[in-house]
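Read the structure below first, then the notes.
Below, all heavy atoms of this structure are taken into account, side chains as well, without hydrogens, waters or symmetry copies. Lettering follows sequence order; numbering is per chain, from 1.
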Number of protein chains: 2
Amino acid sequence: MATIKQVAKRANVSVATVSRVMNKNGYVSAEAREAVEQAIADLNYAPNRVARSLFTKTSGLIGLIMPDITNPFFPQLARAIEDVANQHGYQVVLCNTDEQLEKEQGYLVALQTMHVDGLIITTNHSDNPNYEKLDLPMVALDRIVKSGIDAVISDGYEGGRLAADTLIASGATRLAHIAGPEQLQTVKRRTEGFVDVAGDRLIGMTHSNFTFKEALTAAQTLFDAHWPFDGLFAANDVIAAAVLQEAVRRHVRVPEDLQVIGYDGIELGEMTSPPLTTIAQPIYEMGRLATERLIDLIEKRDTETKEMLLPVTLTERQTTRGKGSGR
Amino acid sequence: MATIKQVAKRANVSVATVSRVMNKNGYVSAEAREAVEQAIADLNYAPNRVARSLFTKTSGLIGLIMPDITNPFFPQLARAIEDVANQHGYQVVLCNTDEQLEKEQGYLVALQTMHVDGLIITTNHSDNPNYEKLDLPMVALDRIVKSGIDAVISDGYEGGRLAADTLIASGATRLAHIAGPEQLQTVKRRTEGFVDVAGDRLIGMTHSNFTFKEALTAAQTLFDAHWPFDGLFAANDVIAAAVLQEAVRRHVRVPEDLQVIGYDGIELGEMTSPPLTTIAQPIYEMGRLATERLIDLIEKRDTETKEMLLPVTLTERQTTRGKGSGR
DNA sequence: GCTTGATATGTAACCGGTTACACATTATGA
DNA sequence: TCATAATGTGTAACCGGTTACATATCAAGC
């Protein structure tokens with residue numbers, strides 16, 4: 001790797017001049033510029049970002065803190081984030097915390113000592129005090145933070161309502177629900193919206209985390225305790241997929257006997273049999289927005305937004321019967 | 001953030017001494033060590049990794065180059081890689097190339113200028129000349145590279161054979177296959193193994209890439225052109241899921257009328273209805289191995305392995321009928 | 001008592017950039 | 001014509017670590 005000194009020597013100028021043409025600032029004569037550009041081309045020079053970092057105290061790195069990239073909701077988010085970051089010349093450092101505070105703490109010091117320029121936090125654990133004292137640009141994604149940290153989330157409450165409305169509109173009268181982990185604010189709202197609209201049509205409910213295995217157990221519990229019901233809303237698509245599988249096993253026909261709606265809009269929903277009707281969050285969009293917001297923060301373009309609540313939409317596939325069909 | 005100078009001043013020693021206690025090398029008296037440790041604790045000092053990088057020319061960063069984290073095969077790999085990296089004090093930088101050479105090239109210079117210590121390449125595109133002239137420790141994962149680059153792959157050929165054996169053993173006589181993208185060596189081998197064992201029992205075959213949408217089209221094509229068949233091997237689990245969905249739509253019963261086997265062993269296979277029988281690669285293990293190998297390379301512990309071929313196993317779920325059942 | 005090696009510590013150069021500052025030189029305008 | 005501003009370029013300090021080297025002390029060995 002060539003250094004700036006070598007370039008300077010070859011172009012017969014000082015390192016300052018080379019730096020000036022690289023960064024397009026300061027005065028540089030046409031001849032000098034040309035000589036430098038030639039030398040850069042000849043030597044295939046690319047400035048050492050570590051050296052630059054040391055002086056400028058910026059690294060071009062964004063830390064991405066998520067619970068587990070293996071959870072199918074996160075890859076799309078990660079992809080969106082990485083895309084936007086890359087478009088703006090940033091790289092992203094991936095961190096899986098498993099929601100463990102110590103791991104999170106470890107990543108935080110690592111990221112800080114390597115001078116990441118900002119953080120995107122998709123950890124759902126509420127109120128980690130680590131963040132607030134961090135003094136780094138950051139935005140929370142699919143997560144709510146108490147203090148004044150920017151957040152991008154989807155409208156879970158409306159999503160829950162929409163799920164109930166949809167089920168009811170297509171004839172469901174006995175509703176069931178599998179809620180997500182209780183400590184997740186954003187997920188709780190889905191349940192609240194659903195419950196509010198369902199009213200006393202809600203005849204059964206249980207909880208599950210977001211692993212397929214546990215969701216399957218929850219589905220079984222629900223069927224055992226509350227069957228029959230004709231409309232079910234799951235707190236996310238993984239849980240919905242588990243319900244679908246359990247329904248097949250019990251020879252419950254979907255959507256004829258039971259309509260199912262998930263939440264998230266991940267690709268998994270297209271792959272189930274039948275394909276899953278779901279409340280879709282604009283996942284990629286959320287990642288994009290969060291990252292653009294973060295980069296604005298990093299580069300001090302202070303748009304004053306504080307919390308972005310994105311609308312969800314109904315993606316109607318084949319686990320619901322469509323409006324009016326049941327009336 | 002405190003600097004080494006501040007620590008030195010507070011401990012009444014020179015920066016060299018502080019550096020010595022941080023790195024546990026050179027001679028340091030017990031008193032000096034204690035004073036320094038106290039100062040470090042007082043100031044909450046953590047060394048600036050950028051500064052250290054500049055001198056040592058190591059960054060503690062590993063570049064992870066993959067086609068698309070959104071493809072459900074990759075998150076588990078990424079997770080394994082990140083886990084192992086983290087255990088050894090490395091961070092990982094995520095890059096999605098979409099198999100585009102220019103994007104790849106862009107990432108490569110970015111990663112190089114930030115002095116990543118090594119690369120893990122899961123891009124399936126063969127023979128990118130960019131890598132060979134790179135002079136960085138690297139290992140290919142699920143990918144075969146011509147030159148002397150280490151590789152970790154699973155035994156696709158045996159996997160293909162195993163799929164055929166399994167299908168035949170449980171009574172299938174008319175076999176079909178959906179192969180993956182032609183340019184992927186590792187995927188091609190699956191087809192070769194399957195074809196070799198199937199012999200003239202193979203009555204129909206088509207191709208697809210790894211998107212669900214295209215897989216669905218391929219499945220339709222296959223059904224239209226070659227139905228009936230009673231055993232199908234798909235080049236990966238996403239394609240198998242598409243086949244399952246298409247089978248449901250055509251009222252083909254799985255596994256009674258048609259047995260299906262996928263390849264990969266991703267979690268998706270548990271979530272389909274019925275759950276998918278598949279040839280499982282040890283995905284996490286592959287990621288772990290590749291990363292450990294890379295770190296050995298980086299830290300100059302030269303274990304001479306060159307290509308690691310991992311065995312695959314049959315994960316029998318409910319899209320096959322089990323041995324002997326069809327006889 | 002003197003040599004020698006182990007122990008202990010500080011000074012300063014170095015890594016490869018950026019930029020403040022000094023010092024030209026060349027317009028520009030009154 | 002001369003003051004002033006705009007333009008062009010180099011030197012050296014600086015970012016925060018690491019480490020070669022110089023120097024000093026002390027104990028062991030003869």
- Begin from the C-alpha positions of A/Asp98 and A/Lys103 and carry the test side chain to side chain contact (heavy atoms under 4.5 Å, CB included) through to its verdict. CA-CA 8 Å; A/Asp98 292 319; A/Lys103 275 191 93 174; 3.4 Å; yes

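Extent of DNA chain D lying under 4.0 Å from chain A heavy atoms, first and last nucleotide in 5' to 3' order, is D/dA6 to D/dG16.
Atom OH in B/Tyr27 sits roughly 7 Å away from atom P in C/dA6 (whole-Å rounding). When the P atom of C/dG10 is taken as reference, atom NZ of B/Lys9 falls 14 Å away, rounded to whole Å.
Between A/Val50 and B/Gly26, it is B/Gly26 whose nearest contact on DNA chain C lies nearer the 5' terminus. Ranked by how close their nearest DNA chain C nucleotide is to the 5' end, B/Arg33 and B/Lys57 are led by B/Arg33.
Interface residues of residues 13-24 of chain A facing DNA chain C, ordered by number: A/Ala16, A/Ser19, A/Arg20, A/Asn23; criterion, heavy-atom separation under 4.0 Å.
Tested against A/Pro75, the residues B/Asn71, B/Asp68, B/Ile69 include a single side chain to side chain contact (heavy atoms under 4.5 Å, CB included) partner, B/Ile69.
The distance from atom CD1 of A/Ile81 to atom OH of A/Tyr90, rounded to the nearest 0.5 Å, is 15.0 Å. In this structure, the separation between CG on A/Leu108 and CD1 on A/Ile65 is 5.0 Å, given to the nearest 0.5 Å. Rounded to the nearest 0.5 angstrom, A/Leu141 CG and A/Met66 CE are separated by 7.5 Å.
No donor-acceptor pair under 3.5 Å is formed between the side chain of A/Ser19 and the backbone N or O of A/Val15.
The neighbour count for A/Glu285 CD, taken as heavy atoms of other residues, nucleotides or ligands under 6.0 Å away, is above 12.
Side-chain atoms of A/Asp83 and A/Gln87 form no donor-acceptor pair, as typed in the model, at a separation below 3.5 Å.
Here A/Ala30 lies out of heavy-atom contact (under 4.0 Å) with every strand.
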